[in-house]
Amino acid sequence: MGLAYPYAAIVGQDEMKHALLIAAVDPSIGGVLVFGDRGTGKSTAVRSLASLLPPMAVIAGCRYNCDPAAPAMPSLCELCASGGKEKAAKKKVKAPVPVVDLPLGATEDRVVGALDLERALAQGVKAFEPGLLARAHRGFLYIDEVNLLEDHLVDVLLDVAASGENVVEREGLSVRHPARFVLVGSGNPEEGELRPQLLDRFGLSVEVKTPTDIAARVEVVRRRDAFEHDPEGFTEKWQKENARLRRKIVTGRERLKTVEVPEAALERAAQLCIKLGTDGLRGELTLMRTARALAALEGDPVVTDDHLRRIAPSALRHRLRRNPLDDAGSTTRVERAVAELFGA
Ligand SMILES: [Zn+2]
């Protein structure tokens with residue numbers, strides 16, 4: 001695989017870049033849904049972000065990227081769990097954060113894993129061949145045009161997203177392994193609706209557009225051309241800025257545990273969700289976690305109205321029910337509610 005385009009060199013698309021950074025600081029926020037035009041660099045942005053992240057420690061020889069710091073199943077695979085902590089502590093290796101593409105036409109076998117037919121035929125052994133979900137563990141799972149994903153795969157994703165575990169029980173196999181990842185989906189809402197349960201699983205949603213500003217377009221093309229002409233030189237040129245972003249994510253992750261979420265901020269989040277009529281409590285939970293991650297990213301010790309206000313559109317716009325009496329877009333509706341509640 002060649003060099004990834006430097007994250008810091010991506011022109012514009014601030015909302016998307018910001019949402020991805022927040023998801024990197026707190027992966028429990030649950031993924032990013034990107035609505036927008038084709039060819040706006042969505043997949044590039046995910047790959048760039050992953051290459052920006054520090055490599056992760058994995059248990060040597062594990063096919064599921066098990067985390068040496070994970071306590072037990074279901075955060076460890078069966079093999080690592082049975083090997084005991086001593087073994088895990090001994091053999092650590094570093095691996096890059098994975099970015100796995102889930103293509104629309106993928107079979108269920110390829111996604112969840114299946115019986116390794118070659119070994120079954122040649123050696124008569126029932127071995128498991130891990131799928132895309134195993135490869136994506138602790139990294140990113142990217143689905144282009146997620147709104148066109150087949151129903152049975154959506155079911156699989158919903159199960160795994162809820163449990164953090166992939167369970168395969170068939171063809172005489174019985175395998176379970178951890179599968180936690182940041183889901184990044186892109187899609188054009190005009191080409192197919194997303195099932196509400198799946199929509200709900202995305203912590204954040206962002207809108208990206210092809211820039212209409214001439215200067216921005218020129219810069220996109222100029223940088224892309226420079227990167228493709230000389231990837232090493234271009235990466236070198238952006239190395240300092242990329243390193244600054246990496247430090248920001250790393251310190252953000254460390255600070256996350258100490259950022260305070262005052263009662264008043266929780267009440268604000270609840271008021272906003274009531275005002276917007278979002279279903280369930282996931283909206284509030286996401287809003288709180290996202291505001292906390294934002295505060296951590298920016299080095300603020302306490303979550304304030306300002307964090308909530310800035311992050312509300314991303315955390316809530318995909319959770320609104322259609323209102324037949326209000327044809328304003330969902331972003332406008334969130335912004336309006338924020339203005340009414342927090343004061344303009
Ligand atoms: Zn393992």
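For this chain, numbers begin at 1 and follow the sequence in order. Just follow the structure's listing: the first ligand is 1, and inside any ligand the first atom is 1.
Considering only residues two or more places apart in sequence or on other chains, Phe128 meets the ring pair (Phe, Tyr, Trp, His ring centres under 6.0 Å) condition with none of them. Residues that satisfy the salt bridge (Lys or Arg N to Asp or Glu O under 4.0 Å) test with Arg138, not counting sequence neighbours, are Asp67.
Using modelled atom types, one finds no donor on one side chain facing an acceptor on the other under 3.5 Å when comparing Asp109 with Thr107.
Within a radius of less than 2.8 Å around the Zn ion (ligand 1), the protein N, O or S atoms are Cys62 SG, Cys66 SG, Cys77 SG, Cys80 SG.
Within the structure, ring pair (Phe, Tyr, Trp, His ring centres under 6.0 Å) pairs that include any residue of residues 40-81 comprise Tyr64-His177 (at least two apart or interchain).
In this structure, the side chains of Ser186 and Tyr142 come closer than 4.5 Å at one or more pairs of heavy atoms.
Between Asp300 and Arg255 there is no salt bridge, since no side-chain nitrogen of the basic residue lies less than 4.0 Å from a carboxylate oxygen of the acidic one.
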